[in-house]
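Worth knowing before you read on, the calculation uses all heavy atoms, side chains too, and leaves out hydrogens, waters and symmetry mates. Every chain is numbered from 1 and lettered A, B, ... according to where its sequence line falls, protein lines coming before strand lines.
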Protein chains: 2
Amino acid sequence: MTATTRTRLSPDERREQLLELGLRLFAGSSIDEISIDRLSEEAGISRGLLYHYFGSKQGFREAVVQRAADDLVAQTAPPEGDDPIAKLLASLTAYVDYVIANHQGYRSLVLAAAGGNEAVRAIYERARTRMIDRTFETPGVEALLVDTPRTRLVVRGWVAFVEDTVLTWCDDANGVTRDELVQIVTDALPALVGTAD
Amino acid sequence: MTATTRTRLSPDERREQLLELGLRLFAGSSIDEISIDRLSEEAGISRGLLYHYFGSKQGFREAVVQRAADDLVAQTAPPEGDDPIAKLLASLTAYVDYVIANHQGYRSLVLAAAGGNEAVRAIYERARTRMIDRTFETPGVEALLVDTPRTRLVVRGWVAFVEDTVLTWCDDANGVTRDELVQIVTDALPALVGTAD
DNA sequence: GGCGTTATTGAACGTTCGTCAATAGAGTGT
DNA sequence: ACACTCTATTGACGAACGTTCAATAACGCC
């Protein structure tokens, strides 16, 4: 009855399978609450194989976080266009919709990024930077955002505002609609930057 | 040469000693990067004693976080007064100064709260709520903040904005002065709430 | 159908968390 | 000073976990 037949996949397939499993388990709990035993059992492989592919548990965690971050960046790409405000609105709408759809997974990503070690935080930080840069690398944006240390500080804080607000809203919308939420986080940027001038 | 003489303290003293050690080690690294072995060795006690006082490593972590949160709340008490704006400014000034002084420890607290489990997060959440409530339980505040779901959402997001901005500033002030920082985070609240109306 | 490459295994090791009966320090009464 | 009690404290033990590595077997190729 014990299915002792080992299934041999190509490295790419196996890696893919393990990463997807990681994302799935990630959604429910922090990764260091899950033992390698449980991971390998759930994947139907031996403990050793996980080490063969990711070197260590930490390596596995980093790979999964990297994958989640890439997903986020890919699925929230703003449309091509010249109007900074429109781009911002589109980008935030995509972001909000992504968080709504991947609610649990996204929360885990943020938690992992916050609580993880230096390497994990760096991965998330890079994704964040990519998203911000991409939105603001638009001709004509200088009129809205003059590049000063103060503005950079405020924009970074604004990102924290957006993340926290959207996640809180996901837990309990409390009557606030999706469109209102998008409006709130979009309007917040000019409002904050305005006070900084 | 081995000082095998065990020192017997009163439960309160021992508890205090261990909590202070926890705060000290906390500042440098996350608590689950430190083994009970190292903790007990540094405290000059046996492993068993730590379990006697805190039940588990998780229990110890929670106690330390609770202590850190209490410190934060205690040291940022706003002055008695009726003017909401003045109270807000005073409270934020105290908060900024606290973070400046306890930079590392405070960062660890926030990281522990973000990355920790449900119980740890709840402890920090309570402290946060206490600080917010205390600032806004002022006669006449209704003129500034009408209590709607939308406002609550924004105020919560604003707290995230403040935390992130102050911590980022601590890492690299980039020419922004302390007073400017206080001004930024203070002005941010009316700016954000204004857009929500 | 045999062969070589390499994906995969499982047992073994060191470390860390957590438990518990045994031990000894400090106050108390005589 | 001494014995006695209470309980703070210990240290050895077991289970669980991360990690390593030589052995194994599945698949593509000739």
Side-chain angles (χ1 to χ4, degrees), chain A residues 1-22 25-26 28-66 112 115-120, chain B residues 1-22 24-26 28-65 112 115-120:
Chain A
M1 65 167 290
T2 45
T4 38
T5 49
R6 48 169 90 169
T7 46
R8 182 188 174 118
L9 301 182
S10 81
D12 280 354
E13 284 175 311
R14 178 98 312 154
R15 221 186 133 79
E16 199 63 20
Q17 178 213 347
L18 293 176
L19 285 179
E20 272 167 29
L21 175 66
L25 294 184
F26 235 41
S29 43
S30 165
I31 199 168
D32 38 27
E33 289 170 9
I34 301 168
S35 67
I36 302 282
D37 270 321
R38 171 135 177 259
L39 266 169
S40 49
E41 192 187 352
E42 201 119 358
I45 59 166
S46 70
R47 274 198 303 287
L49 197 57
L50 218 134
Y51 284 89
H52 178 253
Y53 278 99
F54 300 100
S56 67
K57 191 176 189 180
Q58 174 63 22
F60 181 61
R61 174 201 253 160
E62 286 171 22
V64 173
V65 169
Q66 182 71 63
N117 70 347
E118 198 54 43
V120 174
Chain B
M1 62 169 289
T2 45
T4 37
T5 49
R6 48 169 90 168
T7 46
R8 181 189 174 118
L9 300 182
S10 81
D12 280 353
E13 284 176 310
R14 180 91 321 152
R15 220 186 134 79
E16 198 64 22
Q17 179 214 346
L18 294 177
L19 284 179
E20 273 168 28
L21 175 66
R24 195 141 40 79
L25 294 184
F26 232 42
S29 43
S30 166
I31 200 168
D32 39 25
E33 289 171 8
I34 302 168
S35 66
I36 302 280
D37 270 321
R38 172 134 177 258
L39 266 169
S40 50
E41 191 186 352
E42 202 119 356
I45 61 166
S46 71
R47 270 198 304 288
L49 197 56
L50 217 133
Y51 285 91
H52 179 253
Y53 277 100
F54 299 100
S56 67
K57 192 175 188 180
Q58 175 61 25
F60 181 61
R61 175 202 252 161
E62 286 171 24
V64 173
V65 169
N117 69 347
E118 199 53 45
V120 173

Sugar-phosphate, base or nothing in reach of A:T7, heavy atoms under 4.0 Å: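 Result for A:T7 = sugar-phosphate.
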Sugar-phosphate only, base, or nothing, as touched by B:G59 at under 4.0 Å among non-hydrogen atoms: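 Answer is nothing: B:G59 stays at 4.0 Å or more from every strand.
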Heavy-atom donor-acceptor pair, B:N117 side chain to B:V120 backbone, under 3.5 Å: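 It does hold such a pair.
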Expected output: side-chain A:S30 to main-chain A:E33 donor-acceptor under 3.5 Å: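 No.
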Quick one: [X] [atom1] to [N] [atom2], roughly how many Å, whole number?
X	N	atom1	atom2	result
A:H52	C:dT6	NE2	C1'	8 Å
A:Q17	C:dT8	CD	C1'	13 Å
B:F54	D:dA8	CZ	P	14 Å
A:I36	C:dA12	CD1	P	20 Å
B:E41	C:dT16	CD	C1'	14 Å
B:K57	D:dA15	NZ	C1'	17 Å
A:R14	C:dT6	CZ	C1'	13 Å
A:L49	C:dA11	CG	C1'	16 Å

Shortest side-chain distance from [X], nucleotide among [options]:
X	options	result
A:S46	C:dG10, D:dG11, D:dT19	C:dG10
A:Y51	D:dT20, C:dT8, C:dC17	D:dT20
B:S35	C:dC17, C:dA7, D:dT10	C:dC17

Donor-acceptor pair (no angle test) under 3.5 Å: A:R47 side chain, D:dT19 base: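 Checked by distance alone, the answer is yes.
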Can you give me the N/O atom pairs linking the protein to nucleotides 21-24 of chain C at distances under 3.5 Å, or say none if there are none?
residue: C:dT23; atom: O2; partner: B:R6; partner atom: NH1; Å: 3.0

Any B:Y53 side-chain nitrogen or oxygen under 4.0 Å from OP1 or OP2 of D:dA8: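 No, no such contact exists.
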CD1-OH distance between B:I36 and B:Y51, expressed to the nearest 0.5 angstrom: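 B:I36 atom CD1 to B:Y51 atom OH measures 3.5 Å (nearest 0.5 Å).
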Stepwise side-chain contact (heavy atoms from CB on, under 4.5 Å) test for A:I45 and A:R14: CA-CA 10 Å; A:I45 59 166; A:R14 178 98 312 154; 3.7 Å; yes
Derivation of the side-chain contact (heavy atoms from CB on, under 4.5 Å) call for B:I34 and B:F26: CA-CA 9 Å; B:I34 302 168; B:F26 232 42; 6.0 Å; no
Salt bridge (Lys or Arg N to Asp or Glu O under 4.0 Å): pairs with one or both residues in residues 48-63 of chain A, sequence neighbours excluded: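 Qualifying pairs: A:D32-A:R61.
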Carboxylate-amine/guanidinium proximity below 4.0 Å for B:R24 and B:E20: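 So B:R24 does not pair with B:E20 through a salt bridge.
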